[in-house]
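Written below as structure tokens is the structure these notes are about.
What you see is a predicted model; the values in this text were computed from it and never measured. To find a chain, count down the sequence lines: A is the first, B the second, and so on, and within it residues start at 1.
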2 protein chains.
Amino acid sequence: MQAVLVDQLRKANRRITVQRMQVFEGVKGLDSHPSALEVFEAVKPRLPSISLATVYRNLHILRLEGLLREIHCDRGITRFDSNLSEHYHFHCTSCQRVSDVPSYSREIERSFSEKTGLHISGHHLTFQGLCNDCLKVEPSR
Amino acid sequence: MQAVLVDQLRKANRRITVQRMQVFEGVKGLDSHPSALEVFEAVKPRLPSISLATVYRNLHILRLEGLLREIHCDRGITRFDSNLSEHYHFHCTSCQRVSDVPSYSREIERSFSEKTGLHISGHHLTFQGLCNDCLKVEPSR
DNA sequence: CCCTTACCGATAAAAGTTCTCAATAGCATG
DNA sequence: CATGCTATTGAGAACTTTTATCGGTAAGGG
């Protein structure tokens, strides 16, 4: 299980620890693009002695090794995404949850790079709006 | 000067203070999408007694009243943009500066909304890459 | 099984932001 | 122009999110 993950960590001279695996599983298990604190809460029942610092440390390492992505939607909060395939995000401005949008276009980058001559390594597209749950509660906006 | 700004603040029952005006000018004067601290540093020479809390307070109020936009590119930092016209951003992953990209497409929203049935209020598109200055220094990537 | 060292938990510290509160100053009114 | 109401200010405490420190632990190669 998680052969790619283990191989990539080994290759980078990183050890396979219970905490590291659980942090990764924590992000993967929560489809809601959890914050570090949410990952901590999710892992704690299975690993009651885990430290918040360990969660931060491993989130950072997993991101460095390209096994997780960071996303920045709200002020001051970093969220994590285990979905490495190219995709966009939908951010509900009411409940703050972030969900995946399966579409993606590399063409956007190419046309921008052509127009500006700039060196592009990627792009992020995030839609804002109200998710269906929040639309029911406050149909005002 | 700044008739729209003043009118909008009056309408919202907000007072026109030197500090508030200078905070707005600070964001507008820095084309680099400054953080709160950078706005504070920019305003301080003209208003040596201004408090950092006042800068934060007014950035928040100006955003609430729709006179500034917030953008979230890096981890943990909120940047401000006085350019209210619809546009995208280019984020240099080396020097962390953010610049404006003049293009915009409302069509993206419409097609996404049509496909998903979700209620969309906006979208943010940010390109990552190396700006021309940083490309010269580190042509590695 | 042993040794090296990456990693852990606990905690302090740093960075970014918001809150509290007494004093001040916009500005509407007379 | 003087007065009163209250939104705003400056200073600092407090809070939130994230990173650094450090002695002890355990992963994994030999």
Item to check | N/O (side chain, B:S51) to phosphate O (OP1/OP2, D:dT9) under 4.0 Å | outcome: no
Next on the checklist: Quick one, B:E65 with B:K11, criterion salt bridge (Lys or Arg N to Asp or Glu O under 4.0 Å). Give me CA distance, side-chain angles, the key distance, then yes/no.
Outcome noted: CA-CA 10 Å; B:E65 303 304 341; B:K11 218 182 299 177; over 6 Å; no
Checklist outcome for this item: Nearest-nucleotide check on DNA chain D, A:G76 vs B:T54; residue mapping nearer the 5' end is B:T54
Item to check | Spacing of B:L59 atom CG relative to C:dT18 atom P, expressed in whole Å | outcome: 10 Å
Next on the checklist: Between B:Q19 and C:dA25, is there a contact of a side-chain N or O with OP1 or OP2 at under 4.0 Å?
Outcome noted: no
Item to check | From CD (B:Q96) to SG (B:C134), nearest 0.5 Å | outcome: 9.0 Å
Checklist outcome for this item: In whole angstroms, the gap separating P of C:dA25 from CZ of B:R20 amounts to 15 Å
Item to check | Any A:N58 side-chain nitrogen or oxygen under 4.0 Å from OP1 or OP2 of C:dC8 | outcome: yes
Checklist entry - Does A:N58 reach the side chain of A:F24, with side-chain heavy atoms less than 4.5 Å apart? => result no
Next on the checklist: Measure CG/A:N13 against P/C:dC7 and give the value in whole Å, please.
Outcome noted: 8 Å
Item to check | Interatomic distance where CZ belongs to A:F80 and P belongs to D:dT18 [whole Å] | outcome: 7 Å
Next on the checklist: Does the plane of the ring in B:Y88 sit parallel, tilted or perpendicular to the ring in B:F127? Use 30° and 60° as the thresholds.
Outcome noted: perpendicular
Item to check | Length of the CG-P vector between A:L62 and D:dT18, whole Å | outcome: 16 Å
Checklist entry - For the residue pair B:H89 and B:H33, does the interplanar ring angle fall in the parallel (under 30°), tilted (30 to 60°) or perpendicular (over 60°) class? => result perpendicular
Checklist entry - Touch check for A:S35, heavy atoms < 4.0 angstrom, all strands: base, sugar-phosphate only, or nothing? => result nothing
Checklist entry - For B:K44 and D:dA11, what is the distance between atoms NZ and C1' respectively, to the nearest whole Å? => result 12 Å
Item to check | Length of the line joining A:K11:NZ and C:dA6:C1', which is rounded to integer Å | outcome: 20 Å
Checklist entry - Reading nucleotides 19-30 of chain D from the 5' end, what letters show protein touch, with B for base, S for backbone sugar-phosphate only, - for no heavy atom under 4.0 Å? => result BBB----BBS--
Next on the checklist: Distance check needed: C:dT17 C1' versus A:I77 CD1, whole Å only.
Outcome noted: 12 Å
Next on the checklist: Please tell me if B:T78 has a side-chain N or O lying less than 4.0 Å from either OP1 or OP2 of C:dT17.
Outcome noted: yes
Next on the checklist: The criterion is side chain to side chain contact (heavy atoms under 4.5 Å, CB included); which residues satisfy it with B:L64, sequence neighbours excluded?
Outcome noted: B:R14, B:H60
Item to check | By side chain to side chain donor-acceptor pair (under 3.5 Å) - contacts of B:R63 (at least two apart) | outcome: B:E70
